[in-house]
There are 2 protein chains.
Amino acid sequence: MPRMTRQRSAVADALAQVDDFRSAQQLHELLRDRGDAIGLATVYRTLQALVDGGEVDVMRTADGESVYRRCARREHHHHLICRSCGTTVEIDGPSVESWAATIGAAHGFRQIEHTMELFGTCAVCAARTDEAPHAPV
Amino acid sequence: MPRMTRQRSAVADALAQVDDFRSAQQLHELLRDRGDAIGLATVYRTLQALVDGGEVDVMRTADGESVYRRCARREHHHHLICRSCGTTVEIDGPSVESWAATIGAAHGFRQIEHTMELFGTCAVCAARTDEAPHAPV
DNA sequence: CCGGTGTTTGACAATCGTTCTCACTTCTCT
DNA sequence: AGAGAAGTGAGAACGATTGTCAAACACCGG
């Protein structure tokens, strides 16, 4: 059975303090900087345990890194992520869920699951870009 | 400018012969077995070039491997993949596209992009499972 | 057909995220 | 306190991918 340890709660704490996706290595560095001595392997192990327990969401970045995030809702949901600053909005899409089930069934597939993420530029970052003068092309 | 070489066309050929997602290493092995001497690095390079040229789709598997597939349609589309045999069906989802755009806009995001894949068990594999007697749980 | 030249190739080393190993520490329970 | 289980961490191991660089090759003009 899982045992609550200093390291375990430190990782949970770190995840509670950031509101966007972070890699295991980033979290490790964050914990070290903050004074929590912890091994990288432990960070990986703990994150994996949190994911298995459904407490944390994982996602693969375009370059194959796993990034983790403590989410408000434990149920299935998706994310809208700013590609510039990383701000993340949790969204649910009932229409997508049913669409997926329908399409799957139409092709004779069972037990449909899906992955889906939205990327964009958030209002803040868009404004920052707009104010840059003479931006060509 | 790109130059047509034996290796280049061998990779394209191999992709034309399979109809599901394959990893670079699988394709390399397939080519070797088939008698085409080719370096692994070249396979990676060629696949990357094909992806950049929009001739091939890439996808990351759950365990972080990149898998490639020659797709019939060059426009944006999604996949419905059998998690058991890998059979892939190309699908497009106008409703999802517009849903994504709407949700993004509602949160003030611009230039929305998205990734999305469907996984399931295809009819053939489902049948194979069903016929297994006494399947518990 | 022949040579020049810029591209491509491939064996191998290097990278990088992640997982494994294993001796050591820390709990928990009695 | 003592035994045994669970957790930890430094470093080794791993596996996919990318970089390196000399040798091989495709394409061009003569």
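First the proteins, then the strands, lettered A, B, ... as listed; each starts at 1.
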(request) Let me know the distance between NE2 of A/His28 and C1' of C/dC16, rounded to the nearest Å. (result) 16 Å
(message) Strictly below 4.0 Å: does B/Ser66 bring a side-chain N or O up to OP1 or OP2 of D/dT17?
(response) yes
(request) Would you tell me if any nitrogen or oxygen in the side chain of A/Gln7 comes within less than 4.0 Å of OP1 or OP2 on C/dT26? (result) no
(message) Based on the rotation axes of five pairs at each end, what angle does the helix from C/dC1-D/dG30 to C/dT30-D/dA1 bend through, to 10°?
(response) 30°
(message) Please give me the minimum heavy-atom distance between B/Ile38 and B/His28, naming the atom from each residue.
(response) O-NE2, 3.0 Å
(request) With DNA chain C as reference, determine whether B/Arg6 or A/Met4 sits nearer its 5' end, using the nearest nucleotide of each. (result) B/Arg6
(message) Under 4.0 Å, counting only non-hydrogen atoms across every strand here, what does A/Ser23 touch: a base, just sugar-phosphate, or nothing?
(response) nothing
(request) Mind calculating the distance between CG (A/Leu40) and P (D/dG7) to the nearest angstrom? (result) 18 Å
(message) Testing the basics here: between B/Gln26 and B/Ser23, what is the closest heavy-atom pair and its distance to 0.1 Å?
(response) OE1-N, 2.8 Å
(message) Is A/Gln25 close enough to C/dC16 that one of its side-chain N or O atoms is under 4.0 Å from OP1 or OP2 there?
(response) no
(message) In whole Å, I'd like the distance from the CD atom of B/Glu65 to the P atom of D/dG15.
(response) 11 Å
(message) Heavy atoms within less than 4.0 Å of DNA chain C: which residues of residues 43-60 of chain B have one? Give them sorted by number.
(response) B/Arg45
(message) On a heavy-atom basis, which atom in A/Val56 and which in A/Tyr68 lie closest, and how many Å separate them?
(response) CG1-CB, 3.9 Å
(request) Assess whether salt bridge (Lys or Arg N to Asp or Glu O under 4.0 Å) is satisfied between A/Arg70 and A/Glu55, documenting all intermediate values. (result) CA-CA 7 Å; A/Arg70 169 80 169 281; A/Glu55 314 223 3; 5.2 Å; no
(request) Using a strict cut-off of less than 4.0 Å between a Lys/Arg side-chain nitrogen and an Asp/Glu carboxylate oxygen, indicate whether A/Arg60 and A/Glu117 qualify as a salt bridge. (result) no
(message) So, OP1 or OP2 of C/dC27: does either fall under 4.0 Å of a side-chain N or O from A/Thr5?
(response) no
(request) Starting from P on D/dT8, measure out to CD1 on A/Ile38 and report it in whole angstrom. (result) 7 Å
(request) Would you kindly say whether A/His77 and A/Asp57 are connected by a side-chain donor-acceptor distance under 3.5 Å? (result) yes
(request) Answer yes if the side chains of B/Asp52 and B/Gln48 hold a donor-acceptor pair under 3.5 Å, and no otherwise. (result) yes
(message) Quiz question: by atom type and distance under 3.5 Å, do the side chains of A/His114 and A/His78 form a donor-acceptor pair?
(response) yes
(message) Using 0.5 Å steps for rounding, measure from the CZ atom of A/Arg69 to the CD1 atom of A/Ile81.
(response) 8.5 Å
(request) Find the distance A/Arg8:CZ to C/dC27:P and express it as a whole number of Å. (result) 12 Å
(message) Here's a test of your reading of the structure: between A/Arg32 and B/Val67, which maps to the more 5' nucleotide of DNA chain D?
(response) A/Arg32
(message) If you compare every side-chain N and O of A/Arg3 against the phosphate oxygens of C/dT28 (OP1, OP2), does one of them come in below 4.0 Å?
(response) no
